[in-house]
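Below is one structure; the comments refer to it alone.
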2 protein chains.
Amino acid sequence: MNKKVSLKDIAKRAQVSIATVSYVLTKGENSGIGYEVSEKVKKIAAELNYRPNQIAQSLRSGKSYIIGLIVADISNPFFANIARIIEDEAKKHNYTVVFGSSDENATKSSDLINLLVNRQVDGFIIAPTEGSQEQIINLKKQNIPFVLIDRHFPEIESNYVTINNYKAAFDVTNRLLDTGNSDIGLIAYSSDLHHMKERIRGYSEALEAKGIKVDNNRIKKVAFSNLIEDVYIKVRELLSAPKPVTAIFFTTNTLAIHGLKTIDKLNLKVPNDISVVVFDAAEAFDFYYCPITHIKQPLLKIGKQAIDILVNQINTPEKKYSKLNLKAILVEKDSCK
Amino acid sequence: MNKKVSLKDIAKRAQVSIATVSYVLTKGENSGIGYEVSEKVKKIAAELNYRPNQIAQSLRSGKSYIIGLIVADISNPFFANIARIIEDEAKKHNYTVVFGSSDENATKSSDLINLLVNRQVDGFIIAPTEGSQEQIINLKKQNIPFVLIDRHFPEIESNYVTINNYKAAFDVTNRLLDTGNSDIGLIAYSSDLHHMKERIRGYSEALEAKGIKVDNNRIKKVAFSNLIEDVYIKVRELLSAPKPVTAIFFTTNTLAIHGLKTIDKLNLKVPNDISVVVFDAAEAFDFYYCPITHIKQPLLKIGKQAIDILVNQINTPEKKYSKLNLKAILVEKDSCK
DNA sequence: TTGAAAGCGGTACCAT
DNA sequence: ATGGTACCGCTTTCAA
């Protein structure tokens, strides 16, 4: 078992002090160390395949150069894509990313945050779960920089990068209305998260703007914990009501995926039997027989901005919060009629 | 800016030594420290919201409890799913996962590995890229534990968890043969990676076993770097040859996704105009009008085993290598005729 | 130009 | 039962 080589090992071999080795290896040309010594040290370092121990550097500097990324589920394509973007952006700033999946569960989220705080991450990017307000407030109290993405808590001042959920939901609902649908159902998560409420509000106000009364029986909420079955039940309810809906707005891509499967199972055809719009894209939609009208989020921008804000905050902690509400775009396809 | 609280802070407040605080906080009941003092220390620690600095612990113990995960692309659902499983399994062993995407690029892979070695990760789980043999050998030289997944280098002794690519490819090709196809094209990556070669070998030997001569013009290889266009070109070539193929075997799900899009664009119908089989599943296939016969990998098992082997290796470095070749299963659907 | 030494936050051996 | 202290590997001040 060959132990890792440290500055001390190099110093011993080169017959110089540890400090000298450190200077040579970190300060490049203008280290103040003489040419001969420098060369010797460099040579030995290379021979020994020296690698600086970043744990020690971190302890010394108080900076870990690690960012904690907490999402609902890293295997969800939406978050996986964000993760990739964040990875790339973080790397540009010399940060490494550790990730954790909260499963939309506040306890798991709390455990993850604590774990990563102990690991001295320099900051967090978090898609916060319902009920995680305390955790977020605690981060603030501890002066640990963080940026919320995808969702945020309006009652808590913080950095965040989200999209204008209200507007996007309004627009996509309008699209259904414009194509002649006035009986529109909505499938949402049963969640108090602001972004979800905003999507519902967008839906509601779009209807009202056209003078249509919002029917709460048409706003269906499903539990994270029982997703597949719940979607199935709720979609059927919407379609078998005394006055069935002619269109459904799915407020996330995961909901849509299971919703579309339900629609298929019921032998209904989009858009002839039923119109459909979705918040978010999904690779799977590319293969659906009917191209799906949906809201497309600017993932790249979200990731870039989140990192930029975070790194900024890490470097200059006095700064005020950055609150970004990006525009999402409506991608019009063939699923509305 | 409130600094983080350390043992020293608690010691000062409690008027005891740092050592005492450490004992109380780490050794629980049988710390050897008296009840009164223990309680006082615990109380103050709680008040001050003390969090052990794991960087310091790591420096001291030489263990970071971090595992480096290197995949081709974390946003690829295959790897995102694996990542999630690895995250969960790692957590059971108290490990945190940092990840990096290599983009199938040996240089990036090397940079990532070096970065994470400097960060003192306790071990790696790697889906190695083409040309990364040197890096793997270096890890061995440095006695850094690692497990290869998805692919491995047969010429390098190491831990790995893969599936039996040859057998799976053989089986899935056989399925095409059994359903009456004898003119079968293959779309693969242009790569020397063993798993890809094994898939091609499975295809070839399945043909030969039925007395069909392998036509190298029907084995098409596409570049990672030019995926979409290349798939389009090669699929067209297969279909517009003097003797066109009646079936195509896509050796990964990403290839299949673009291949199916090409087939759609050419206005061909699966399976009537062309039969299709795929190595790996994809959520997108659920929405394809024709359910796709494919190879399903035991992702959960791969992730679990990879972590188990890795953690074992970390704890008992003398152990011999574990080489796992798991069984993949053939999921028969309707895309062959 | 070079080096001694303090210190980052813990842990654990050895005293007392 | 409690505490002094060395050490993990590195950086940086201060002195020589």
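Reminder, nothing fancy here: chain letters follow the sequence lines and each chain counts from 1. Everything numeric in this text was worked out from a predicted model, so none of it was measured.
In this structure, A/Lys27 reaches the sugar-phosphate backbone alone: every heavy-atom distance under 4.0 Å involves primed, P, OP1 or OP2 atoms, never a base. Looking at heavy-atom distances under 4.0 Å, A/Tyr35 makes no contact with the nucleic acid at all. Contacts of A/Ser22 with the nucleic acid, taken as non-hydrogen atoms under 4.0 Å apart, include base atoms. Among the heavy atoms of the strands lying under 4.0 Å from A/Gly34 are primed sugar atoms or P, OP1, OP2 only; no base atom is included.
Judged by distance alone, with hydrogens and angles left aside, the side-chain atoms of B/Ser102 form a donor-acceptor pair with the main-chain N or O of B/Val71 at under 3.5 Å. The backbone N or O of A/Ile18 lies less than 3.5 Å from no partner atom in the side chain of A/Ser22, so there is not a single donor-acceptor pair.
Using modelled atom types, one finds a donor on one side chain and an acceptor on the other under 3.5 Å when comparing A/Gln135 with A/Ser109.
Remark: A/Asp103 engages A/Lys108, B/Arg84 in a salt bridge (Lys or Arg N to Asp or Glu O under 4.0 Å) (not counting sequence neighbours). In this view, B/Phe153 satisfies the ring-ring contact (aromatic ring centres under 6.0 Å, His included) rule with no residue, not counting sequence neighbours.
Residue B/Arg60 is the one, among A/Thr26 and B/Arg60, whose nearest nucleotide of DNA chain D lies closer to the 5' end (criterion: closest heavy atom). Summary of the strand contacts: B/Tyr23 and B/Asn53 both lie near DNA chain C, and taking for each the nucleotide with the nearest heavy atom, the more 5' one is attributed to B/Asn53.
Rounding to whole angstrom units, CZ of residue A/Arg51 and P of D/dG9 are separated by 16 Å. For the pair B/Leu25 CG and D/dG3 C1', the computed distance is 16 Å after rounding to whole Å. B/Ile18 has its CD1 atom 9 Å from the P atom of D/dG4, to the nearest Å.
Running 5' to 3' along DNA chain C, contacts with non-hydrogen atoms of chain A at under 4.0 Å begin and end at C/dT1 to C/dG9.
Residues from residues 7-17 of chain A lying near DNA chain C, meaning a heavy-atom separation below 4.0 Å, are A/Val16, A/Ser17 in numerical order.
Contact check on B/Glu87 versus B/Lys91 returns a salt bridge, with a Lys/Arg side-chain nitrogen under 4.0 Å from an Asp/Glu carboxylate oxygen.
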Tell me which donor-acceptor pairs under 3.5 Å the side chains of residues 41-55 of chain B have, and how far apart each pair is, sequence neighbours excluded?
from    : atom 1 : to      : atom 2 : distance (Å)
B/Lys43 : NZ     : B/Glu47 : OE2    : 3.4
B/Asn49 : OD1    : B/Arg51 : NH2    : 3.4
B/Asn53 : OD1    : B/Ile55 : N      : 2.8
B/Asn53 : OD1    : B/Ala56 : N      : 3.1

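None of B/His195, B/His194, B/His152 except one satisfies the ring pair (Phe, Tyr, Trp, His ring centres under 6.0 Å) rule with B/Tyr160; the exception is B/His152.
Rounded to 10°, the angle separating the first-five-pair axis and the last-five-pair axis of the helix from C/dT1-D/dA16 to C/dT16-D/dA1 equals 50°.
The aromatic rings of A/Phe99 and B/Phe99 lie perpendicular to each other, with more than 60° between the two planes, well past the 30° mark. Between B/Tyr95 and B/Tyr65, the ring planes lie tilted relative to each other; the angle falls in the 30° to 60° range.
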